[in-house]
Amino acid sequence: MTQFSYQLIAWYNQNRRELPWRDTTDPYAIWLSEIILQQTRVVQGLSYFQRFIMKWPDVFRLSEASEQEVLRLWQGLGYYSRARNLLASARQVVNDFDGVFPNDYKQLLQLKGVGKYTAAAIVSIAFNKPHAVIDGNVIRVLSRIFGIHDPVDTTSGMNQIEELADTLLNIKNPGIHNQAMMEFGALQCIPVSPDCRNCVFNDQCHALKFNLVQVLPVKSKKVKISQRYFHYFICTEAKGKICSLVLNKRSDQDIWKGMYDFPMIESTKEIQFEELQKDTSFLNWASNPDYTLTAVSDLFTHQLTHQKIFARFYHLRFNTDIILISKNDLSLVDNSKLDLFPLPRLIDRYLNKLNGINC
DNA sequence: AATACGGGGGA
DNA sequence: TCCCCAGTATT
């Protein structure tokens with residue numbers, strides 16, 4: 001065992017959080033936790049893990065779920081392709097591996113949504129095989145302590161990280177070592193303003209010695225943020241006590257694929273309602289649109305990583321039955337059934353603020 | 001090799 | 001309000 005791993009694991013044993021997926025060697029639970037934790041903080045993912053494991057305790061149960069159910073339980077976590085891939089992989093495991101999780105790195109890579117990081121995490125944590133994980137925490141810890149100055153989003157920089165991670169790996173306890181590395185990055189060697197005075201590596205940390213803690217890891221790429229305007233139409237129809245509204249299932253190569261929102265017109269700038277009405281696509285999915293504009297929302301902003309969405313909601317109460325003429329992704333839904341549908345955060349927030357749709 | 005894909009937390 | 005975070009699939 002290297003001195004580094006010895007110190008790291010000693011720190012881990014003192015500071016580790018108790019988390020449900022740390023009480024098990026069940027590869028299903030470990031896989032599920034790793035998919036949830038991709039791009040997601042533990043505090044945010046924890047309750048999702050518990051709900052998933054409660055609802056689908058094993059890979060067979062999950063494989064029988066519908067995509068809509070899985071997306072609905074995933075709602076709010078973001079990166080929804082993870083949820084779709086989760087279901088696809090569960091079915092892969094059942095169909096191709098008799099429901100037994102593969103314990104081989106290369107086989108795990110065949111599963112949708114499982115890349116190098118997740119494959120290494122599963123084989124090391126569930127099967128104690130020596131594969132070093134490399135995630136954002138590991139990159140930060142290694143680049144700071146050992147002074148990797150090349151940008152980590154380049155081949156050169158990443159090769160150095162990989163070589164270092166492989167060298168340092170504790171091959172007797174790769175699962176513990178990997179978890180300790182990530183926990184250390186998550187709790188001690190945090191992105192901004194880490195508490196270096198109380199760090200077990202502060203006598204050997206390159207970044208601390210050369211005052212580079214705020215500089216490392218170096219990243220070369222910067223994202224450009226585009227701005228999009230969503231003009232949503234909440235179209236309702238009242239039939240006795242039943243209030244129905246039109247939902248749109250998103251299917252394009254775009255954000256929120258598989259999630260539901262409303263019919264809308266998108267533009268690159270703000271547009272007045274009078275202009276929207278003239279748009280050729282305005283309500284072109286309804287036969288005989290006969291409506292009353294009953295409310296117009298404030299402008300909502302929704303910040304994503306590389307786009308900023310400005311949304312306004314127009315409430316259109318139809319005076320006659322809504323008849324959908326194009327069999328695209330639209331459907332007429334009873335508003336009491338709304339909680340069956342996976343909704344993007346923006347939509348969910350608006351509906352909650354509204355305290356439900358009324359016709 | 002470059003780009004797209006959500007949402008939450010902290011400065 | 002803006003800035004930061006970061007695995008995988010696709011192109």
Side-chain angles (χ1 to χ4, degrees), chain A residues 31-48 71 74-86 88-89 92 108-122 131-144 151-159 161-162 165 178 182 185-187 189-195 213-228 230 250-261 299-311 342-350 352:
Chain A
W31 162 72
L32 175 61
S33 73
E34 292 298 342
I35 301 296
I36 289 176
L37 264 33
Q38 288 169 8
Q39 317 285 296
T40 302
R41 288 172 172 79
V42 164
V43 286
Q44 191 197 356
L46 182 56
S47 68
Y48 284 86
L71 280 171
W74 197 273
Q75 175 176 305
L77 258 190
Y79 285 105
Y80 297 97
S81 63
R82 290 183 294 167
R84 298 194 307 274
N85 289 336
L86 186 81
S89 284
Q92 255 179 292
L108 285 165
L109 280 180
Q110 304 304 308
L111 300 179
K112 279 188 191 265
V114 175
K116 291 167 68 176
Y117 162 75
T118 308
I122 295 172
H131 278 86
V133 298
I134 296 177
D135 74 343
N137 291 310
V138 176
I139 290 170
R140 191 168 55 252
V141 170
L142 295 184
S143 67
R144 282 178 177 166
V152 294
D153 49 8
T154 62
T155 310
S156 154
M158 192 49 74
N159 284 343
I161 296 283
E162 285 176 9
N178 280 338
M182 294 188 284
L187 298 182
C189 196
I190 57 177
V192 180
S193 306
D195 182 10
V213 173
Q214 299 94 311
V215 176
L216 299 178
V218 176
K219 293 168 189 179
S220 58
K221 300 186 179 91
K222 39 202 165 285
V223 291
K224 61 168 189 343
I225 296 181
S226 59
Q227 301 199 335
R228 307 172 70 177
F230 289 2
R250 298 180 61 89
S251 58
D252 296 340
Q253 295 281 81
D254 198 359
I255 56 171
W256 305 331
K257 187 160 65 172
M259 310 286 284
Y260 288 78
D261 58 2
L299 191 64
F300 283 67
T301 66
H302 189 68
Q303 181 76 57
L304 302 180
T305 301
H306 27 251
Q307 40 188 284
K308 185 168 187 172
I309 295 168
F310 299 89
L343 310 172
R345 211 78 181 95
L346 170 66
I347 303 297
D348 190 42
R349 260 207 297 265
Y350 182 64
N352 277 326

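Naming: A, B, ... by sequence-line order, numbering from 1 per chain. Everything numeric here is computed off the predicted structure, so don't read it as measured data.
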Open item on the list: What is the separation between atom CD1 on A/Ile134 and atom C1' on C/dG7, rounded to the nearest whole Å?
Closed with: 12 Å
Task: For atom CD of A/Gln214 and atom C1' of C/dC4, their distance in whole Å - done: 15 Å
- [ ] To the nearest 0.5 Å, tell me how far A/Ser47 OG sits from A/Ile36 CD1.
- [x] 9.0 Å
TODO: Could you tell me the separation between the CG atom of A/Asp135 and the P atom of C/dC5, rounded to a whole number of Å?
DONE: 13 Å
- [ ] In whole angstrom, give the distance that lies between atom OH of A/Tyr117 and atom C1' of C/dC5.
- [x] 15 Å
Open item on the list: Distance check, P atoms only: C/dT11 and B/dG6, in whole angstrom units.
Closed with: 15 Å
Open item on the list: For the residue pair A/Asn137 / A/Arg140, report whether a side-chain donor-acceptor contact shorter than 3.5 Å exists.
Closed with: yes
Task: Euclidean distance, atom CG of residue A/Asp153 to atom C1' of B/dA1 [Å, nearest integer] - done: 11 Å
Task: A/Phe300 ring center near A/Tyr350 ring center (under 6.0 Å) - done: yes
Open item on the list: When you measure from the side chain of A/Gln75 to the backbone of A/Leu343, do you find a donor-acceptor pair of N or O atoms at a distance under 3.5 Å?
Closed with: yes
Task: C/dT11 pairs with, by Watson-Crick or G-U criteria that keep both distances under 3.5 Å - done: B/dA1
Task: Rounded P spacing from B/dA11 to C/dA6 in Å - done: 15 Å
TODO: May I ask you to verify if any side-chain N or O of A/Lys219 is less than 4.0 angstrom from the OP1 or OP2 atom of C/dC5?
DONE: yes
TODO: Could you tell me whether the side chain of A/Asn178 and the main chain of A/Ala132 form a donor-acceptor pair under 3.5 Å?
DONE: no
- [ ] Would you kindly give the CG-to-P distance between A/Asn137 and C/dA6, to the nearest whole Å?
- [x] 6 Å
Task: side-chain contact (heavy atoms from CB on, under 4.5 Å) partner of A/Leu77, the single match among A/Arg345, A/Gln44, A/Gln38 - done: A/Gln44
Open item on the list: Please pick, from C/dT8, C/dC2, C/dC5, the nucleotide with the shortest atom-to-atom distance to any side-chain atom of A/Lys308.
Closed with: C/dC2
Task: Footprint string (nucleotides 4-11 of chain B, 5' to 3'): B base within contact, S backbone only, - free, heavy atoms under 4.0 Å - done: SBBBB---
Task: Separation of atom CG in A/Leu187 from atom C1' in C/dC5, rounded to whole Å - done: 16 Å
- [ ] Identify whether the distance between the nearest side-chain nitrogen and carboxylate oxygen of A/Arg82 and A/Glu34 falls below 4.0 Å.
- [x] no
TODO: Grab the CD1-P distance between A/Ile35 and C/dT8 for me, whole Å please.
DONE: 7 Å
Open item on the list: Students often get this wrong, so: under 4.0 angstrom with heavy atoms, is A/Thr301 touching a base, only sugar-phosphate, or nothing?
Closed with: nothing
